Amino acid sequence: GIQVEQSPPDLILQEGANSTLRCNFSDSVNNLQWFHQNPWGQLINLFYIPSGTKQNGRLSATTVATERYSLLYISSSQTTDSGVYFCAGGGSMDSSYKLIFGSGTRLLVRP
Amino acid sequence: IAGITQAPTSQILAAGRRMTLRCTQDMRHNAMYWYRQDLGLGLRLIHYSNTAGTTGKGEVPDGYSVSRANTDDFPLTLASAVPSQTSVYFCASSDSETSGELFFGEGSRLTVL
């Protein structure tokens, strides 16, 4: 099955800094999503982005499906951005919409 | 709007006991999923259901069973719990007729002693 790798595994930022998180996947996907897990354990969907670029406030994401990677950009980071960011992909050969998750990037934003 | 409701929130269970984690969604999503989250391992798919009446195995299905009698409910059963099943369990749903965007419940923390 598909494998999803995320980098970096850990990231520490000063408030106001920008960052880029990367997600590589081993096979073609037709479903690629980014999630944020806050310090209380809640999982929030950030982007559904199988291809192209989307923006939502200070966050944006780009998926280059032909090269099998996706990037999540966080600009002007805030302490509330802390938590774990997961990407998850679903294979194009799979008729279901099940997603396989990467191990996550743990982000700490310091005031 | 409740979204996805999981119960119980937290449970301590003796090894060998049977346990059912409940999951209910009110979004009329056709697809539902169970994931477990362990420290350092991210989320791993246990079982899924594309539509009521059908289920499928995920990455780590052994020791778990599911049923999907209707659209809204997707219970996860541990027939005979073992300590390695100590984890946080997340139920999720998506509408595969549109985007397949995944929505999660709040999670159920299970400790097997």
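Note that the structure is a prediction, hence the values are computed from the model and not measured. A, B, ... follow the sequence lines: proteins, then strands. Residue 1 opens every chain.
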Next item on the list: Taking only Lys NZ, Arg NE, NH1 and NH2, and the carboxylate oxygens of Asp or Glu, determine whether A/R58 and A/D81 approach each other closer than 4.0 Å.
Entry: yes

Next item on the list: Heavy-atom distances under 4.5 Å only: say whether B/L45 touches chain A with side chain, backbone, both or neither.
Entry: side chain

Item checked: Which portion of B/E59 sits near chain A, non-hydrogen atoms under 4.5 angstrom -> side chain

Item checked: Region of A/F35 in contact with chain B, defined by heavy-atom distances below 4.5 Å -> side chain

Checklist line | Region of A/Q6 that comes under 4.5 Å of a non-hydrogen atom in chain B | finding: neither

Check: Please walk me through it: do B/S87 and B/D38 pass side chain to side chain donor-acceptor pair (under 3.5 Å)?
Finding: CA-CA 6 Å; B/S87 188; B/D38 303 293; 2.8 Å; yes

Next item on the list: Among A/V84, A/N45, A/I100, single out the residue with the greatest number of heavy-atom pairs under 4.5 Å to chain B.
Entry: A/N45

Next item on the list: Please report the closest heavy-atom contact between B/A81 and B/A14, naming both atoms and the distance.
Entry: CB-O, 4.5 Å

Next item on the list: Of all the heavy-atom pairs spanning B/Y48 and B/F74, show the shortest one and how long it is.
Entry: C-CZ, 3.8 Å

Item checked: Row check, A/Y69 ring normal vs A/R22 NZ/CZ: under 6.0 Å, within 45° -> yes

